[in-house]
Amino acid sequence: MSMTATAAPPALFSVTLDNWKLAILVGLVVSVVAVLALPAGIAFWIVGAMAAMIAAAFVVNAYRRKYYGGLLVAPAIAVLFVMNIFPLLWSLGLSFFAYQSNQQSIRFIGLNNYIKVLTNEIAAPANWDALINTAMFVVLTVTAQMIVGFLLAMLFAKQFPLRKYLLILVLTPMMLSVVASGVFFTYYYDPTFGILSYVVNSITGGQFILMSSKVGAVTGIVFADAWMWSPFVMLLVLAGLVSVPKYLYEAAAIDRVSKWRQFWTITFPYIRGLLMLALLFRTIEAFKLADLVILLTKGGNDTMTISYHLIRIANEQNKTSEGAALSYLMLFMVIVLTNLYLYIANRRSQGA
Amino acid sequence: MAEHNSIWETLGFRKASGVGEAGWGRTLAVAIVSFIYFLPVLFIIFTAFKPQDAALSVPPTLSPTSLFGLIPEQFVFTPTLENFGSVFMRSMTAGGAPEPTGFDRYFFNSIVIASSSVLLALVIGTLAAFGFSRYPLKGNDTYLFIILTTRMLPAIVVIIPVILMFRVVGLSGSYTGIILLYTAFNLAFTIWMMKSFFDELSLDVEDAARIDGSSDTGVFFKIALPQVIAGLAATFVFGLILTWNEFLFALLLSGPDTRTVPVAMNQAVSSGGRGTDWTLLAAIETLFLIPVFLVTFFLQNHLLRGVTFGTVKR
């Protein structure tokens with residue numbers, strides 16, 4: 001493809017396929033009229049068609065002027081906007097209203113939901129407890145997963161006989177449905193029938209109830225979660241480890257570089273990005289820990305996490321807008337932490 | 001023959017050479033670790049073969065065979081295939097005639113929904129990742145960060161507006177709705193992961209191809225994409241595993257016709273007020289594990305082959 005000179009942008013009112021400014025103008029006018037004049041079911045589709053028209057104009061414009069970045073990114077942004085960002089904005093709006101999903105009435109109350117979540121003498125302490133527990137789970141589970149996952153990856157880094165058959169065994173815990181593995185962990189930990197209690201019992205002779213104290217319950221949940229998700233970290237690190245070109249190690253072996261220095265100067269730069277990614281995604285997922293807690297302790301023994309707490313508020317008690325307010329406070333915290341993390345990670349990789 | 005060859009080395013237990021190859025010694029060590037790691041899964045699989053009264057016995061039964069007397073008789077159970085039958089046909093009321101449970105349909109749903117949404121996310125997400133990596137927009141990092149934030153909120157917060165939206169549009173309980181939602185659910189991870197793989201590639205090869213007259217499309221398909229096959233495989237496997245087992249969205253958004261296995265599994269084992277049906281749960285999970293296990297196993301070669309394209313890294 002030969003390089004053509006980029007076309008000049010079209011004038012505002014010229015009717016061409018790439019005139020996105022005109023498309024936005026027409027789209028906005030038609031949408032507003034449709035929403036005001038037509039029933040919601042029909043108006044929705046008209047607004048959708050307008051959005052598609054604007055998107056098409058953007059695509060044609062990007063293609064004609066070689067803005068490949070926008071062109072490549074557009075489909076992903078479109079799907080994310082409809083299925084994620086739009087619902088997020090909707091629930092952000094909802095957090096400023098008094099709304100319960102089992103009632104019809106809806107009333108604007110400004111910041112009252114946020115004030116209630118933070119200061120109400122009944123709601124606030126429960127929220128704080130759940131938040132502190134969540135922070136504890138994040139630190140414990142992510143640390144355990146990173147260490148176990150990294151060690152497993154190092155174990156599998158070299159080629160050895162039967163490697164692929166052994167690797168799939170380690171990957172399997174991640175493939176289990178959390179419904180099944182969670183329920184079976186209640187069995188493993190069960191004081192009467194469980195394997196753990198049977199083993200401890202035959203050594204010490206006394207009955208062993210793991211989940212009866214906070215320390216035990218937290219250990220049980222962290223162990224189950226780390227067991228399920230360490231393979232995730234392992235696979236990411238392993239993908240980085242196997243991409244290191246072999247000749248680098250061969251050169252290092254000729255130069256008699258120590259194993260320790262080989263790791264830090266050759267291996268580590270190849271896995272740093274993927275380690276960071278694993279840490280980021282596991283931290284985000286750990287903030288949302290709920291299913292294992294529901295299955296193993298139902299939040300008892302002071303193991304309530306913020307995500308499970310939210311499910312209770314929003315789904316079981318139908319306090320939709322209060323739940324939305326609480327989750328936006330949580331989102332704010334996660335965003336600040338993530339930004340801090342990405343900032344530090346970027347500075348490190350530039351400094352190195 | 002070097003005189004230092006010990007009997008072990010002749011048998012194949014080579015000493016690790018330090019350049020990426022290890023012998024049977026490593027296999028033995030890894031086998032022990034892997035087996036211990038796999039034990040809880042093995043127990044679930046064994047439970048699927050247990051007769052109902054053996055599921056909660058004390059001491060727990062651990063093996064279908066005594067391994068020629070190695071394992072004491074009290075830990076051994078007699079394997080049966082009955083539980084797998086009752087996944088698809090069983091009596092719903094005490095003493096009633098066996099009736100179809102609909103699980104064939106639920107397995108079909110899980111396969112259709114998971115595979116189409118993961119593939120869709122992979123196509124859209126890889127294009128976007130290449131865009132973010134090679135043609136940075138103004139505020140590139142901001143866009144990437146906003147995409148990441150879509151994964152930060154607990155599902156329960158997103159789900160309420162989505163339920164309302166699907167009701168208005170008529171998508172509730174349809175394949176299209178849940179597939180689109182899962183596609184979005186997978187996109188953030190796909191984009192971030194594929195971008196990190198594209199970022200690792202050397203730009204020199206791509207520039208050279210451009211100078212030789214290759215088009216931008218050609219550079220993407222012929223140069224960049226073949227180098228990230230390992231990344232595509234890894235991303236596909238992760239997406240599949242996450243979508244395959246997703247529970248909360250499926251519980252709240254799938255209708256009777258589009259119900260996936262995790263939702264049906266949850267209902268099947270806790271219905272009737274009889275407590276958990278351990279052998280049934282284990283049988284469903286064992287069957288449910290097979291497809292994702294096979295896909296992972298066969299993609300593993302790609303996963304581990306790494307980047308063998310032979311390009312010079314940055």
Side-chain angles (χ1 to χ4, degrees), chain A residues 1 40 44 68-70 72-73 75-76 79-80 83-85 87-88 90-91 101 155 158-162 164 166-180 183-184 193 195 198 235 239 242-243 246 249-250 253 273 277 284 288 307 310-311 314-315 320 324 327 331 334-335, chain B residues 18-22 24 26-27 30-31 34 37-38 41 44 56 58-60 124-125 127-128 130-131 135 137 147 149-154 156-158 160-162 168-169 180-181 183-184 187 191 196 215 230 234 241 245 247 262 265-266 276 281 285 289 292-293 296-297 300 304 306-307:
Chain A
M1 197 164 77
F44 180 88
Y68 288 122
L72 290 167
V73 168
V79 173
L80 279 173
M83 288 291 154
N84 270 328
I85 296 171
L88 283 183
W90 189 330
S91 53
S101 56
L155 212 52
K158 288 180 178 178
Q159 181 61 49
F160 54 82
L162 305 179
K164 58 187 284 196
L166 294 175
L167 183 66
I168 193 84
L169 290 185
V170 178
L171 292 181
T172 320
M174 183 171 63
M175 300 174 207
L176 292 178
S177 167
V178 72
V179 177
V183 170
F184 263 89
F193 307 107
I195 291 176
Y198 179 79
L235 210 49
V242 295
S243 72
K246 292 230 164 50
Y249 289 124
E250 283 157 3
L277 202 64
I284 290 175
K288 302 196 293 187
S307 194
L310 268 172
I311 292 178
N315 208 36
T320 314
S327 60
L331 179 66
V334 183
I335 285 179
Chain B
V19 282
E21 294 233 355
W24 283 94
R26 177 67 77 97
T27 304
V30 177
S34 307
Y37 209 84
F38 185 68
V41 184
I44 296 178
L56 280 183
V58 181
I124 298 175
L127 287 177
F130 191 71
Y135 307 97
L137 302 160
I147 289 173
T149 52
T150 60
R151 283 304 295 270
M152 288 177 187
L153 271 185
I156 189 77
V157 188
V158 189
I160 294 161
V162 170
V168 173
V169 191
L180 272 178
L181 187 70
T183 306
L187 262 179
I191 292 173
S196 81
S215 69
I241 288 169
N245 292 317
F247 179 64
M265 170 157 55
N266 188 46
T276 311
L281 174 65
E285 179 55 57
L289 186 61
V292 71
F293 184 89
T296 313
F297 185 74
Q300 222 195 113
L304 291 186
V307 192

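The chains referred to below are lettered A, B, ... by the order of the sequence lines, with proteins before strands, and numbering in each begins at 1.
- One N or O on the side chain of N245(B) and one on the backbone of M175(A) form a donor-acceptor pair closer than 3.5 Å.
- The CZ atom of F130(B) lies 14.5 Å from the CD1 atom of I191(B); values are rounded to the nearest 0.5 Å.
- Both the backbone and the side chain of L180(B) come within contact range of chain A, with heavy atoms under 4.5 Å apart.
- Using a 4.5 Å heavy-atom threshold, the side chains of I147(B) and L187(B) count as separate.
- At a 4.5 Å heavy-atom cutoff, the contact between L127(B) and chain A is made by backbone and side-chain atoms alike.
- If you tally non-hydrogen atom pairs under 4.5 Å between each of T172(A), L310(A), V334(A), I311(A) and chain B, the highest count goes to T172(A).
- Judged by distance alone, with hydrogens and angles left aside, the side-chain atoms of E285(B) form no donor-acceptor pair with the main-chain N or O of A180(A) at under 3.5 Å.
- Chain B forms the most heavy-atom pairs under 4.5 Å with one residue out of I168(A), V170(A), I284(A), V179(A), and that residue is I168(A).
- Contacts between F184(A) and chain B at a heavy-atom distance below 4.5 Å involve backbone atoms as well as side-chain atoms.
- Residues L169(A) and Y37(B) have side chains not in contact (no heavy-atom distance under 4.5 Å, counting atoms from C-beta outward).
- To the nearest 0.5 Å, atoms CD1 (I241(B)) and OG1 (T296(B)) are separated by 4.5 Å.
- Proximity to chain B is limited to the side chain of L277(A), based on heavy atoms less than 4.5 angstrom apart.
- Rounding to the nearest 0.5 angstrom, the gap separating the CZ atom in F38(B) from the CG atom in L171(A) is 11.0 Å.
- With chain B as the partner, the residue from P173(A), P87(A), S177(A) showing the most heavy-atom pairs under 4.5 Å is S177(A).
- Residue contact with chain B, scored on non-hydrogen atoms closer than 4.5 Å, involves the backbone and the side chain of L155(A) alike.
- In terms of heavy atoms, T27(B) sits closest to L166(A) at O-CD1, 3.8 Å.
- Ranked by heavy-atom pairs under 4.5 Å with chain B, the first of V79(A), T320(A), L176(A) is L176(A).
- Chain B forms more heavy-atom pairs under 4.5 Å with one residue of V183(A), L162(A), V178(A) than with any other, namely V183(A).
- Looking at F247(B), the atoms closer than 4.5 Å to chain A (heavy atoms on both sides) all sit in the side chain, from C-beta outward.
- Contact of T149(B) with chain A is made through backbone and side chain together, with heavy-atom distances under 4.5 Å.
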